[in-house]
S.K.: 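Before we start, here is the structure in question, set down as structure tokens.
Because the structure is predicted, anything quoted here is derived from the model rather than measured.
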Amino acid sequence: MADIWLLAGVLSTAVGYVEGGRIAAELGGTATLCWAMILLSPAAIVVIALSPPTPATSAAWVGLGYAGVFSMFLGSILWYHGLAAGGVGRIGQLNLAQPFLAIVWSALLLDEQLTWAVPATATAVLACVAVCLSSRPNFQKNR
């Protein structure tokens, strides 16, 4: 079941980035993000209402506030601005490096064990990203 939720998260994120990047090209990153938050808030309210209450420490609330304001809101504004400026297909490729950076940080900070497959896969994916970012399709020159 966890794999199904992970796949659903990946697919919804992909759709959100593509549509958000298209809309940000017209509205701007801040307006796009704010409208997304407004439109998705009813679904978030339902999920929160159906979730069991969990006690949280003050440090947890500070972490949630930081992640919500700086990482998610301000970071997303910059991300959508980048998608609008550089194109979803081109700039979106940069996001492929994020899981590998998380793996490296988890190894450095949390003492996670890495097998040979992790750097091999990371190298292959980052090489593909580099090729995608450096290539320009011919059809764009004819527009």
S.K.: Could you state whether Leu78 and Val18 fall into the same hydrophobic cluster, counting links through intermediate Ile, Leu, Val, Met, Phe, Trp or Tyr residues with side-chain heavy atoms under 4.5 angstrom apart?
M.R.: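 In one cluster with Leu78: Val18, no.
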S.K.: Are Val47 and Leu11 connected in the hydrophobic side-chain network, where two residues link if heavy atoms are under 4.5 Å apart?
M.R.: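 No, Val47 does not connect to Leu11 through the hydrophobic network.
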S.K.: Applying a strict under-4.5 Å side-chain criterion to I, L, V, M, F, W and Y, I'd like to know whether Leu109 and Val104 cluster together.
M.R.: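 Yes: a chain of side-chain contacts under 4.5 Å links Leu109 to Val104.
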S.K.: Are Trp79 and Val69 joined in one hydrophobic group, where the rule is that I, L, V, M, F, W and Y side chains link up if heavy atoms are under 4.5 Å apart?
M.R.: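 Same cluster: Trp79 reaches Val69 through Ile, Leu, Val, Met, Phe, Trp or Tyr contacts under 4.5 Å.
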S.K.: When you measure from the side chain of Ser12 to the backbone of Gly9, do you find a donor-acceptor pair of N or O atoms at a distance under 3.5 Å?
M.R.: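 Yes; judged by distance alone, with no hydrogens or angles, the pair exists.
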S.K.: Taking all atoms of both residues into account, what is the closest heavy-atom pair of Tyr80 and Ala24, and its distance?
M.R.: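 Minimum heavy-atom separation between Tyr80 and Ala24: O-CB, 3.7 Å.
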S.K.: Calculate, to the nearest 0.5 Å, the distance between atoms OG and CG belonging to Ser106 and Leu114 respectively.
M.R.: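 Nearest 0.5 Å value for the OG-CG distance: 6.5 Å.
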S.K.: List the atom of Ser76, the atom of Leu33, and the distance in Å for their closest heavy-atom pair.
M.R.: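 That would be CB-CD2, 3.6 Å.
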S.K.: When rounded to the nearest 0.5 angstrom, what is the spacing between CD1 in Ile91 and NE2 in His81?
M.R.: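 Taking CD1 in Ile91 and NE2 in His81, the distance rounds to 10.0 Å.
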S.K.: Return the CD1 to OG1 distance between Ile77 and Thr30, rounded to the nearest 0.5 Å.
M.R.: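 Here the rounded value is 4.0 Å.
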S.K.: Within this structure, what is the CD1-OG1 distance for the pair Ile103 and Thr121, rounded to the nearest 0.5 Å?
M.R.: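 The OG1 atom of Thr121 is 8.5 Å from CD1 of Ile103, to the nearest 0.5 Å.
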S.K.: Is there a path of hydrophobic side-chain contacts, each under 4.5 Å between heavy atoms of I/L/V/M/F/W/Y residues, joining Leu64 to Leu40?
M.R.: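 Different clusters.
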S.K.: Is there a donor-acceptor contact under 3.5 Å from the side chain of Ser41 to the main chain of Ile38?
M.R.: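 Yes; at least one donor-acceptor contact below 3.5 Å.
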